[in-house]
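Residue numbers run from 1 in the order of the sequence given. Owing to the predicted nature of the structure, the values given are computational and were not obtained by experimental measurement. Whatever order the structure lists ligands and atoms in, that order sets their numbers, starting from 1.
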Amino acid sequence: MVAEALECLGGNGYVEESGLPRLLRESPVSSIWEGSGNVQALDALRALQREPQALNAFLQEIGLARGADHRLDAAVKGLFTELADLEGIEGRARRVVERMALVLQGSLLVRFAPPEVADAFCASRLGGDRGAAFGTLPHTLDLGALVARARITG
Ligand SMILES: Cc1cc2nc3c(=O)[nH]c(=O)nc-3n(C[C@H](O)[C@H](O)[C@H](O)COP(=O)(O)OP(=O)(O)OC[C@H]3O[C@@H](n4cnc5c(N)ncnc54)[C@H](O)[C@@H]3O)c2cc1C
């Protein structure tokens, strides 16, 4: 997101006076300062193994969004396949926990967010209809509404 902010500001975002370079330098630390990503992912798996009711609570929560979006339903099905095969799950820790996070995000968005936001999330993050770079969402989405929602008014 910070890199995209630089893209929006162009060269002005690169000069120290703009403040953005500091954000650019600081932003990667988010992935370690409250525990490195890999260790957090392993912790999440350990919690699921030690306290099966945690997994039940998670499944119950995402189950509340069942049927709301076919891409979300497919992602949940894929997650079940990942969780059913515990062989070498530590090696898949980041992949499995990322998918858990994505389906949880998706389930909350289809229940509580404006439909165009949930649609964009499900298409790109769950349905895979995007590139690896920013600005690659499918043009069929209601992109105008997304931009309008992010715009500061008043
Ligand atoms: C700006 C900043 C602020 C911070 N603030 C706080 C704070 O307020 N309070 C606090 O307690 N700590 C704080 N920390 C420390 C932070 O929590 C640790 O840096 C973080 O937990 C990573 O630990 P480490 O630096 O020892 O890296 P390491 O544990 O050595 O990790 C290095 C790499 O090894 C991997 N790794 C380590 N162990 C395993 C394992 N068992 N299995 C697989 N991979 C593994 C990690 O994923 C990572 O990729 C802060 C750090 C920073 C940079």
Ignoring hydrogens, tell whether any protein atom lies closer than 4.0 Å to [atom]; use the non-hydrogen atoms only.
atom: atom 30 (O) of ligand 1; answer: no
atom: atom 34 (O) of ligand 1; answer: no
atom: atom 21 (O) of ligand 1; answer: yes
atom: atom 17 (O) of ligand 1; answer: yes
atom: atom 7 (C) of ligand 1; answer: no
atom: atom 24 (P) of ligand 1; answer: no
atom: atom 44 (N) of ligand 1; answer: yes
atom: atom 10 (C) of ligand 1; answer: no

| request: Decide whether an N or O pair under 3.5 Å exists between N38 and ligand 1. | output: yes
| field | Single-linkage hydrophobic cluster, 4.5 Å side-chain cutoff, L48 and L59 together | value | yes
| remark: Closest to atom 36 (N) of ligand 1 by heavy-atom distance, out of L42, I32, V39, is V39
| Option set G35, S31, S36, G37, criterion heavy-atom distance to atom 47 (O) of ligand 1, minimum | S36
| message | Suppose we measure from atom 14 (N) of ligand 1 to each protein heavy atom; which comes out shortest, and what is that distance? | response | W33 O, 3.6 Å
Is there a side-chain contact between [X] and [Y] in this structure, where contact means two heavy atoms from C-beta onward sitting under 4.5 Å apart?
X: V117; Y: F112; result: no
X: E116; Y: L141; result: no
X: M100; Y: L104; result: no

| remark: Residues L137 and S124: closest non-hydrogen pair is CD2-CB, 3.4 Å
| message | Only heavy atoms of V29, strictly under 4.0 Å: list the atoms of ligand 1 that pass. | response | 1 (C), 53 (C)
| query | Where do E51 and R46 land on the salt bridge (Lys or Arg N to Asp or Glu O under 4.0 Å) test, with the steps shown first? | reply | CA-CA 8 Å; E51 296 176 44; R46 204 170 303 127; over 6 Å; no
| field | Salt-bridge present (R111, E61; N to O < 4.0 Å) | value | yes
| message | As a quick check of understanding, evaluate salt bridge (Lys or Arg N to Asp or Glu O under 4.0 Å) for R71 and D119, giving each step before the final call. | response | CA-CA 9 Å; R71 295 154 301 196; D119 190 30; 2.8 Å; yes
| request: Would you check if the side chain of Q40 reaches a backbone N or O of E34 as a donor-acceptor pair within less than 3.5 Å? | output: yes
